[in-house]
Amino acid sequence: MAVTGILLVLFLIVHMLGNLKIFTGETSFDHYAHWLRDIGTPLLPHTWYLWIQRIVLTVAVVAHIVAATVLARRARAARPVKYAHRKKVQGSYAARTMRWGGVIILLFVIYHILDLTTGHLNPQGDASNPYGNVVADFAPERWYVTLFYTLAIVTVGFHLRHGAFSAFRSLGQQTPRGERRARNAALVLAVALCAGYLVVPFAVLTGLVS
Amino acid sequence: MNLTLRIWRQKGPEDKGRMVTYPVDDVSPDMSFLEMLDVLNERLILAGEDPVAFDHDCREGICGMCGLMINGDAHGPQRGTTACQLHMRQFKDGETIDIEPWRASAFPVVKDLVVNRNAFDKIIAAGGYITAPTGSAPEAHSTPVAKANADAPSSRRPASAAVPAWRPARTAPACSSPPPSSPSSRCCPRASRSVTPG
Amino acid sequence: MELFTEGDPIADTKAPAGPIDRRWETRRFEAKLVNPANRRKMTVIVVGTGLAGGSAAATLAEQGYHVKSYCYQDSPRRAHSIAAQGGINAAKNYRNDGDSVHRLFYDTVKGGDFRSRESNVHRLAEVSVNIIDQCVAQGVPFAREYGGLLDTRSFGGAQVQRTFYARGQTGQQLLLGAYQALERQIGLGSVEMNARHEMLELVLVDGKARGIVVRDLVTGEISTEMADAVVLASGGYGNVFYLSTNAKGCNVTATWRAHRKGAYFANPCYTQIHPTCIPVSGDHQSKLTLMSESLRNDGRVWVPKAKGDDRSPKDIPEDDRDYYLERIYPSFGNLVPRDIASRAAKNVCDEGRGVGPTKLGVYLDFADAIHRLGRKAIEAKYGNLFEMYERITGEDPYEVPMRIYPAVHYTMGGLWVDYDLQSSIPGLFVIGEANFSDHGANRLGASALMQGLADGYFVLPTTIANYLASGPLDKVDASHPAAVEARTDVEDRIRRLLAVNGDRTVDSFHRELGQIMWEHCGMERSEAGLRKAIDEIRALRDQFWQRVKVSGTGEELNQSLEKAGRVADFFELAELMCIDALHREESCGGHFRAEHQTPDGEAQRDDDRFAYVAAWEFTATGEPSVLHKEDLKFEYVHPTQRSYK
């Protein structure tokens, strides 16, 4: 879980930095988007790098889900008979919503790909003009899309806050002091990513980017 | 005090088991939790019913034999207190108390509240020991141990600080010099000791 | 009818003659050895997994014997050795304060009120130094000085600091050490561990101990286990008093069954009573909790001067308080030895001046110490004890004086053994609290752990070889007629217990037996009281077999059946304890006869008539036991009268 999670987090960071390029203007952003398809050329043919990355990410997502399922099943098998008197589970909101939060994030990712990668669900859907797609997507009259994006990103934030901390532990962190550090690092990471992702739709919504 | 107990009754490992309700009255607040169960059992025996089986031994908070889940808490609501030292004054008159065995597939229920915890012993037998056959020990003072390490309760000691007694603390690197007597001494200490009140 | 008859005197034939400090070495050299190749063909049964049994099983297995180990708890690490708080004595002389093997020997013989065997005690003192080395090597976290060396503290009955300790949990740490050594052998396959098994009978073949009958406490299955020798390490019998500081499961069954098969029971009346326990709070009380004796260093013991003074302790002015220990024993005050403090508490309570809801308690007041040293200092010293007290009583000892009362703590008596720790049955060895050997009439603080480990790690593994080397013994299995008979006896007895189906619970009988014993065979005994007790015990025992109600069947986990078997044996032991106490017309150590005291109320020994070990031989149920005397000779420590005024 930790290793696949870290792969996905690294992608999220790069993806966020790419998104922020929207503030540098339409030409620059579109150029960036097209450049993504040319990474590795001429060593690799056009879009090959992107496909390699997509495959790696898909494998990571699948492995992440498989690992989660295996762990959940193992946890259930460890206590076949449930307690009749069950106390509220100890732990933060983030910890308790890992499973369902993960499902919500998966659904969001599918929507997100159909929206801004393939363009099927985008009002403009012009592959040559990603900047326009984004602006059209988060237009003020489509406020519900912005709301859905916001909810999904916050869910990602919660998932990361607990997930990153758990990953540190899975990878061998075990001292009390290290645990405090891991907790803080996870919180900072989650807040920074959330902020970085949300700033784009809200910039479009408020007309800062148009 | 008058209480309503809901207790897990299970005849044997294969039985399905269920929660059964028992009203208990005239409970003194000075009774320990296990003494309250004793009172219930005496009444059950005289009524010709099967008394509730539960594990207990020292009843002074150190042997680790008792281990009930009381209202969903291991050993009940009082922190740092085993069920045998938990007293009924921690509960309110008229309260309903749920009593269950510890539940985990590695520790199957034997009967009622009695659980088989042999798995712990298997862990120790598999290597949770320091190899020091009788008679092979060097003079006790030949290896000092820092006072801080000797005094620290294991619960508050990070795993890295729990050193085998023979390792000169602070000065020598880990596992640098096992005494000649125990060539196969392991680097890790034995499983952490339980913390007990008193 | 006579209560007992007197048989031939007995003697320990195993201790070599010669200077006392050479005897153990001589014995070790003269004892026969078993060829390592033959050891794995020999099986030794060890009953009990406390400090003595656990260390013996581990060490015998290390030597190459095949060991079968039994305990009634769910794991060997639960044994009641775990509850010992204070520490373990050893003559290391790390303090350079004049300690030596000879001084530990001297203190132990004197502390035992000159009723122990010199050779045994000297060996104990010699071996004590090896125990500390052994435990340190196992990783036992003994307290340390700032320099990293082992710390020691002083303990009752000694003027040197020779007690090693691990916080207030020395017993637990030592037991975990022995336990891990045992588990190592279990993992290696040399020890076959049988937890949740209770020994219910000893099997004798041709007069030799060759096996035991055990009941699997989970399934109820009865099985017969055969071996070349049997070691009992089943602890003491303090639970005959129902309320004691022993664990609830502690019982006399293993040793009593052996006694019924011919092993002599020595000095059953020697009982140690601990003065600082939390008092009984009501009829529901199932167990008494000990608080460290160190509390008496700073607490002052008192009761109201007037009978029936029901005021809260805060409202009783100084003038109306009787600090009776300081009054009667001005030089030792609150620090008089255990037995004296206990008896004094009983006396004031008998006068009707006891405190607390049951009137069986005295105050232990820290107000002065808190005033003098500050609350912080008291917290640092006794914080955990105060917490425990508050948890149990619900009272805050920083505000209200503690209430304390004496409780049965340890039994010095046990099966008679010779220098080799072999009982009067060949092949039956008895170690730890279960034997009688080293503490005489009174055990010093921090000596129980020392004796258990000395027997288990160092003494028994040497001496048992001498017995095993005399073989080979005939091959026998569970189908031997003697084994079958023992097994049938066990099954019959269980059937009888279940068949009574009366109207009283086992606990109600046990509680009543305990009251009789506490009243008449407790801190102070008298001829009239003991005779009354014997009659009452016999009457109650008859009632037991007619009216006890044991629920369930024998083929399941049945805790009420387990208790019934143990209490049935306690009845027989209780009678022998009273007879032993009655016949010993003197006061010594843990045995105080009201008729035998000095004018100022101290114990008065009678060395001319009673400087012997009373070893009792069982004849038949209801028939008088036979008394065998083993005379005690004191060549190195000369008996003196003790005084603490």
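Being a predicted model, the structure only gives us computed values, none of them experimental. These numbers come from the heavy atoms of this one structure, side chains and all, not from hydrogens, waters or symmetry mates. Residue numbering restarts at 1 for every chain, and letters A, B, ... go by the order of the sequence lines.
- With respect to the salt-bridge test (charged N to carboxylate O, under 4.0 angstrom), the residues D57(B) and K248(C) do not qualify.
- Under the 4.0 Å criterion applied to side-chain N and carboxylate O atoms, K111(B) and D55(B) are not assigned as salt-bridge partners.
- Contact count against chain B (heavy-atom pairs under 4.5 Å) is highest for I392(C) among V129(C), I392(C), V506(C), N501(C).
- Classification of E100(B) and R9(B) as a salt-bridged pair fails, no side-chain N sitting under 4.0 Å from a carboxylate O.
- In this structure, D151(C) does not pair ionically with R144(C), as no charged nitrogen and carboxylate oxygen lie closer than 4.0 Å.
- Both the backbone and the side chain of R59(B) come within contact range of chain C, judged by heavy atoms closer than 4.5 Å.
- For a residue to count as touching a neighbouring chain, one of its non-hydrogen atoms must lie under 4.5 Å from one of that chain's; by this rule E49(B) touches chain C with the backbone only.
- In this structure, F54(B) and H56(B) have tilted ring planes: the angle between them lies in the 30° to 60° band.
- In this pair, F107(B) and W102(B) present their aromatic rings parallel. The plane angle is below 30°, not in the 30 to 60° band.
- We find that D503(C) and K549(C) are not joined by a salt bridge, their nearest charged nitrogen and carboxylate oxygen being 4.0 Å or further apart.
- Proximity to chain B is absent for every atom of Y389(C), based on heavy atoms less than 4.5 angstrom apart.
- T59(C) touches chain B through backbone and side chain together, each having a heavy atom under 4.5 Å away.
- Only the side chain of V114(B) comes within less than 4.5 Å of a heavy atom in chain C; its backbone stays farther off.
- Proximity to chain C (any heavy atom under 4.5 Å) is shown, for H141(B), by both the backbone and the side chain.
- Note on R196(C) versus D216(C): no salt bridge recorded, every NZ/NE/NH1/NH2 to OD/OE distance being 4.0 Å or above.
- Neither the backbone nor the side chain of V27(B) comes within contact range of chain C; no heavy atom of the residue lies under 4.5 Å from a heavy atom of that chain.
- For T289(C), the part lying near chain B is the side chain, with the backbone staying farther off; criterion is any non-hydrogen pair under 4.5 Å.
- Top candidate by heavy-atom pairs under 4.5 Å with chain B, chosen from A166(C), S281(C), A143(C), is S281(C).
- Only the side chain of N118(B) has a heavy atom closer than 4.5 Å to any heavy atom of chain C.
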